[in-house]
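Below you'll find the structure, written out as C-alpha cells, and then a few comments.
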2 protein chains.
Amino acid sequence: MATRKEVALEAGVSTAAVSYFINNNGYLSQEKREKIAAAIKKLNYRPNLLAKSLKTNDSKQLVFICNEIRNPFHAEVAYGASSEAYKMGYMTMFCNVVDDEDYILKMCSYMVSGVFISTTIIRTATINKIAQMNIPVVILADRQRQGLDPSVTQITIDYDKAMGALVDHVLEQGKRRIAYVASSGMQDSARYDGKTKALFAHCQEKGIALNPNWFVEHATHTQAAYDAVQAKIFTQSDLPDAFICTNDATALGVIRAITDNGLRVPEDVIVTGFDNTVYGQMSTPRLTTIDLGTLNISRETVGLLLEKCQGKDVNGGVIDPLFIPRESTQVPQ
Amino acid sequence: MATRKEVALEAGVSTAAVSYFINNNGYLSQEKREKIAAAIKKLNYRPNLLAKSLKTNDSKQLVFICNEIRNPFHAEVAYGASSEAYKMGYMTMFCNVVDDEDYILKMCSYMVSGVFISTTIIRTATINKIAQMNIPVVILADRQRQGLDPSVTQITIDYDKAMGALVDHVLEQGKRRIAYVASSGMQDSARYDGKTKALFAHCQEKGIALNPNWFVEHATHTQAAYDAVQAKIFTQSDLPDAFICTNDATALGVIRAITDNGLRVPEDVIVTGFDNTVYGQMSTPRLTTIDLGTLNISRETVGLLLEKCQGKDVNGGVIDPLFIPRESTQVPQ
DNA sequence: CTGAAAGCGCTTACAG
DNA sequence: CTGAAAGCGCTTACAG
C-alpha cells in the first residue's frame, strides 16, 4: 500500500497538502488538487484510518456487546445497530463475550468512539471500567441498574407493564398453573433479571403461588429451552398448564417439547413468548408475545450513542411494550 | 487515560522498559518489573492497542462480512467466527453491508489482520480490491468464483450434491410441480447463485421442466419469503405441489403462506429448507433440510484465515452437505 | 496561501 | 543489560 508520503512525492506537494485534500480543509489551489487526485489514483492510495484515528483520538469504531447473536432478538438489534452505524459512517466491532472483562476492555482500547451494550448478563463493574476510560456507553437492558457510573445512559424496558399484560392474559384463559422458562439462573441474583422480578411481583399481586418445580433456568436459546423443559418439566407427573417464556426463541423450543409429549398448544397448554420475532409470527401456532419495536429502538439507541460521542448530554428512556395476543394462548371459538 | 509516558515517569524507568514489561520481552530486572507493575496499577494504565497496531502493522482485528445477520444461518456463522476469533485473541468487526464498496474498503483500512466473507452477494471486484491491499481473505460461499485474486482462499459447498439430494427426494414423493424460492434475483447473473444453478441442472437431468411462473425471487428472509409467495404464487390458479427454498428461514415463511391459504404441509404441498437451523428442527412440521455443520465450518474457516495471517500457505476446500429428511416433505404412513 | 515540524502512543534495532 | 532515539502514517497549529 502506498502511503501519504509517496503520494506527496508523486504529486510534488507536501504531505500536509495531501491531508488537506483528503479531508477537504485548508487552502489548496485547483492545480494542486488535480495533481494530488492524479497521484492518488495512480498509486491506488487509501488513507490509513488507523493512523488517522491515533492522531484524532477517535477511531469511528463502535463496539456492540451482546451475549447471544443467535437469538433473533439480538440479531435484530445487531442489524439495526450496525446499519445505523453504517449510515453515520461508523464501523462496528462485535463482541459475543460477556464474562471476559479483560477481552472486553482490550476491545475498548482501540480508541473506540462508543460502546453499545445489549445484554443483561454483564457485570456492572465491567461497564464502569469502560466508562472510566472516558468512552461513551449506552446500555439497552431489562432493568435500571444500581451502582452504574453516572455517565452511562440506560435504556430500559417497562417489564412491569409487559409481564403484567402477559400474566393477566394467562389468567384470563383460566390457567393458574404457571411455569416460567428463564434464560438466566433463578438463584443467581446478579442475573436475576427484570422479567423474572416483574413476573413474581405480578403473580403475587394476583394471589398466584408459583411452583418452584416449574422454574426452568438457563434456557438461553431454543435448543437449550427444549432440552431443559424435557429434563425438568416432563419428568414430573404434575404438569403446568401455561408456560411464560423469557423470549420467542425459547418459547419455540418449549412448544416443540410440549408437542413431543403428546400435548396440544393451545388446547392443553398455553405458551407465551417475548420480542415479537418473525419466527413467532410465522410459527404454528403463532406466538402470543410482547413487541418492543426492536429495530427502531436499536437504531435510536445508536443515535443516542453518537450524540454522546459528540459530547451532547443525553437522557435514557423507558420502552413501552405492546402486548400481542395470538394463537399460542387462545383456543379458537 | 494514562499513557506509557506517565507510567515510565511514575516507575522511574524508560518508556522502552514499560513496553518490554507489557510485551514480556527484552531484559528487565526484577526490581524494575515490580516498580512498573505498581505504576501500572496505580495509574490504572491500559496500553493503547491502536497505537500498537500502527507500529506493528497489525491490528488483530478481523472483518466479517455477511449480508443478513438476521438469517439464522449467518447468525450461526457470525457466532462461530467471532467466538473462534476471541479464542485466538482477535477482535471482529462486523459488516452487514455488501454493496457499498467504499465502506467495505474503509473498514479494511484499519490495518486489519484478515477478512472473512460469508455471502454470495458481493462483487468479485470488491473482493479483489481487498486482496490487493495485501489483506488475507477467505470466502465461504456457494460456488467457486472465477476471476478472483489468486491470494483469496475459497471454501465452497458442494451444491450439486445438496440440490441433487433435495430434487431426488422431492421426485420420490411423487411431486413434479416444483416451485423455487430464491434469495437472489433469477435474471441477474451476478447473483445467480450456486444453489439455483445446481437446481436447474438437476431438474433438467431428470427431465423436469421448471415453470418460470413459480420462481420466487428476492426472498432474502422469512417475512420477505412470506410476502413474495403470497404475491407471486397464491395469486395464480395453477399451483405447485412442492417448494424448494433457498434456506430454512425462507422455508418457514413459505409454510406459513401455504397454511394461510388453507393447504396442508406435507399432505397437500411439500417444502424443503437448507442450513439445518434450530428453527427448522423445532418447527411444526419439522423441516426437511441440508446440514452443513455450520458452526464447525465457520470456526475452521477462521482458523484458516489466521493461518494465512501468519503467512502460511492454505488450501480452500469443499463442504460435504448432509441431507436430512423430516416431516415437511413426508406424509406419515 | 503553503509547507516544515511537532506530535498522537506505541515498538525495537542499536549504541553504549 | 538498558535507555535514547527513530519511526509507524497520519493531522494541524503555526511560522513564513
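None of the values given here were measured: they were computed from a predicted structure. Sequence lines set the chain letters: A, B, ... in the order given, protein chains first and strands last, and positions in each chain run from 1.
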Between [N] atom [atom2] and [X] atom [atom1], what is the distance in whole Å?
X	N	atom1	atom2	result
Phe21(A)	dG3(C)	CZ	C1'	18 Å
Asn25(A)	dC10(D)	CG	P	15 Å
Asp58(A)	dT11(D)	CG	C1'	13 Å

If you find the nucleotide of DNA chain C closest to Leu28(A) and the one closest to Met111(A), which residue's nucleotide is nearer the 5' end?
Leu28(A)
Contact between Tyr79(A) and Glu68(B) at the side-chain level, heavy atoms closer than 4.5 Å - yes or no?
yes
In this structure, is the centre-to-centre distance between the rings of Tyr103(A) and Tyr86(B) below 6.0 Å?
yes
Could you check which nucleotide pairs with dG3(C) in any of the strands shown, counting Watson-Crick or G-U wobble with both distances under 3.5 Å?
dC14(D)
Taking all non-hydrogen atoms of both residues, which atom of Leu105(B) and which atom of Thr126(B) are closest, and how far apart?
CD2-O, 4.4 Å
Gln61(B) versus Tyr110(B), closest heavy-atom pair with distance:
NE2-CB, 4.2 Å
At less than 4.0 Å, is any side-chain N or O atom of [X] found next to OP1 or OP2 of [N]? Yes or no.
X	N	result
Tyr45(A)	dC10(D)	yes
Asn48(B)	dC8(C)	no
Tyr20(B)	dC10(C)	no

Tell whether Lys55(A) reaches the base of dG9(D) with its side chain through a donor-acceptor pair below 3.5 angstrom.
no
Base dG9(D) to side chain Lys5(A), donor-acceptor N/O within 3.5 Å cut-off
no
Ring-plane angle category for Phe64(B) and Phe94(B), please: parallel below 30°, perpendicular beyond 60°, tilted otherwise.
parallel
Report which part of the nucleic acid [X] touches: base, sugar-phosphate, or nothing (heavy-atom distance under 4.0 Å, all strands).
X	answer
Leu50(B)	nothing
Asn57(A)	nothing
Ser53(B)	nothing
Thr3(A)	sugar-phosphate

